[in-house]
Amino acid sequence: MGYVGPAEAAPILVDGLQRLEYRGYDSAGIAVHDGTVVAIRKAEGKLGRLVAMLDEHTPAGSTGIGHTRWATHGPPTDFNAHPHTDPAGDIAVVHNGIIENFLPLKERLGESGASFASDTDTEVLAHLIAEEYDGDLKEAVRRAVGRAQGAYALVAMSRKEPGRIVAVRMISPLIVGLGDGETFLASDIPAILHRTRSILVIENGEMVDVTPDGVTIETLDGAAVEREPLEISWNAEQAEKGGYPHFMIKEIFEQPDVITETLSGRISGTSEVVLDGVAFPDGFVEGLDKIWITACGTAYHAGLVGKEIFERKLRIPVDVVYAHELRYRDPIIRPGSLTIAISQSGETADTLAAAELARSRGSRLLAITNVVGSTLSRISDDVLYTRAGPEIAVASTKAYLAMLIGEYLLTVAMGRARGRYTPAESADMITGLRHLPQAAEEILEGAADIAELAEAFDGAEDVYFLGRGVDYAVAMEGSLKMKEISYIHSEAMPAGELKHGTLALVTRGTPVVTVLTQGDVYDKTVSALQEVKARGAHTIAVAYADDADAHKHADRVIRIPRVPDLLSPVLSAIPLQLLAYHVADARGHDIDQPRNLAKSVTVE
Ligand code: AGP
């Protein structure tokens, strides 16, 4: 966060940090300039500790910078919290991302007699800027950045230049909010959306100079940049909890609307899909013979569903590869292929690197992302926005469902182009998609029953999720949700794989959740369910409402409305999200900010 204006900076910075806390929350700090001195307050732990410190004494001043940290270099401690300064305290810096060459820089500075107060790479930046400083902060930052390598964003201020902050974007996101006589800097729009809707998105390799007279942007090479602000249409309330105890449960309950929003305006007549932002060249889809999907975490699981539906419906081979794997392989990605990079934030460092790699090999790059103006959207040839609105909980829910909807829309659009969908078939698919918001609503009406099932997880140390085909992809997502917020060890596997080893771990009372929606492999999945039941597992199945047999195979059955099998992931994921939520809630965990995790992983 950064602020330059007429108001007291500290409350504005802290308020912005509260809205950014989902990006990192192991320590926090601010630096405020009162025209004479720069006062720094910082504390390990969640923002509340900093707020308590500020309650005792809030530094005065109308220029400031602030930060919430997700540790990369050095443990979360008071002294590793940002802002960091040079030894004289002249330069204060906050930064996201990593300075990759910080060690040689630090050694070199150390040889010149510098001493360091933290383990961080950020402090090295403060030293470099101080070393380069000769009265002009912007030029000092420019020269210092020229010596640093990595993917990061930084904001700096100088004790000698009150009313000025300078920021740089090197890959990690950075935005500027234009207020009435005041300027805000942040790493994400929700931090300042309630203050201004007029946003400048800073591009890679650009620097921003903020003074009371206004904002100038230039490239690191010194070329002036003219940029029109974006007017953001999100409702500020969308970024608040809206009466729910946690963002996660609020976001789960938003899903019917999110499905509607993501479909909205993209269906023409009864059988055609029109995707704004996707404009394949003539003949591209017809000649396409390979699709790559790359993503991380939940977005990767959405990609696994995508593989199933693209291969079945388009008959194009699809490889889904974790972005952190793809980027360091030598993949056989050929010109003329299509790479789909999926990312809620559009800022995940691994996904961006994998997407760049695919593009450099001549693949057409299509982004499925939730954040308008995100880095991924700007490096892609085509962008399918998911319209889930800001997702605040670290555990992704509504963005996942929206990604699936994006994939179905893409399937219909491409299927029509390839002649694999007749108008009647695509009309059927569209009817199915249009029914999903109502079906999702019905599941949410039964949320209280799912909350009761959480009892089955009392004292559980291991949980297993099973499924076949798209059910396996959903099981993967259910398992990730469970482990990231309940901290119970959880594994997902294809139902047929269990007997090849993992069955040895199933003992009396082990919860096993089976997704049981796919008609063509129903009996096969039931066999696996029986195998775990025979070993005393506590079995829970997710099955269609009209499945008359499910209760014969599982101890408890969560019902979802009947839909065509290929669309079932959109519905079967919802009970698994609710289950994870209630298990974590019963254990008293910090659901929106689980330990060790951050919402956007913008470092490698
Ligand atoms: C899921 O609940 C996690 N928050 C995480 O796996 C996330 O999906 C992953 O880090 C990818 O994030 P992205 O969609 O913003 O790229």
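Whatever order the structure lists ligands and atoms in, that order sets their numbers, starting from 1.
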Near Gln344 (heavy-atom distance under 4.0 Å), the atoms of ligand 1 are 13 (P), 14 (O), 15 (O), 16 (O)

Go through ligand 1 atom by atom and flag the ones less than 4.0 Å from a non-hydrogen atom of Ser343.
13 (P), 14 (O), 15 (O), 16 (O)

Per-atom filter on ligand 1: closer than 4.0 angstrom to a heavy atom of Ala395 are 2 (O)

Are Cys296 and ligand 1 in contact, using a heavy-atom cut-off of under 4.0 Å?
yes

Please determine, by modelled atom types, if Glu477 and Thr298 share a side-chain donor-acceptor pair under 3.5 angstrom.
yes

With atoms numbered from 1 as shown, which atoms in ligand 1 lie under 4.0 angstrom from a non-hydrogen atom of Ala299?
8 (O), 14 (O)

Which residue and non-hydrogen atom of the protein lie closest to atom 10 (O) of ligand 1, and at what distance in Å?
Val601 CG2, 4.2 Å

So how far is it from Leu326 CG to Trp292 CH2, rounded to the nearest 0.5 Å?
6.5 Å

Would you mind checking which non-hydrogen protein atom is closest to atom 2 (O) of ligand 1, with the distance to 0.1 Å?
Glu484 OE2, 2.5 Å

Classify the ring geometry between Tyr487 and His589 as parallel (under 30°), tilted (30 to 60°) or perpendicular (over 60°).
parallel

Those atoms of ligand 1 less than 4.0 Å from some heavy atom in Val394:
2 (O), 3 (C), 4 (N)

Nearest 0.5 Å please: distance from the OG1 atom of Thr386 over to the CG atom of Asn370.
3.5 Å

What residue and heavy atom of the protein are closest to atom 1 (C) of ligand 1, and at what distance?
Thr298 OG1, 2.9 Å

Taking a cutoff of less than 4.0 Å between a non-hydrogen atom of the residue and any ligand atom, is Lys481 in contact with ligand 1?
yes

Less than 4.0 angstrom from a charged side-chain N to a carboxylate O is my criterion; do Arg312 and Glu407 meet it?
no

Would you confirm whether Glu391, through its side chain, and Ala399, through its main-chain N or O, come within 3.5 Å as a donor-acceptor pair?
yes

Per-atom contacts of ligand 1 with Ser345, taking only distances under 4.0 Å to non-hydrogen atoms:
13 (P), 15 (O), 16 (O)

Give me the nearest non-hydrogen protein atom to atom 12 (O) of ligand 1 as residue plus atom name, then the distance to 0.1 Å.
Thr348 OG1, 3.4 Å

Hey, are Lys599 and Asp592 close enough for a salt bridge, meaning a charged N less than 4.0 Å from a carboxylate O?
no

d(Arg266 CZ, Asp276 CG) to nearest 0.5 Å is 4.5 Å

Under a 4.0 angstrom heavy-atom cut-off, which atoms of ligand 1 come close to Ser396?
1 (C), 2 (O)

Note: Lys290-Asp319 ion pair, threshold 4.0 Å (strictly below)
yes

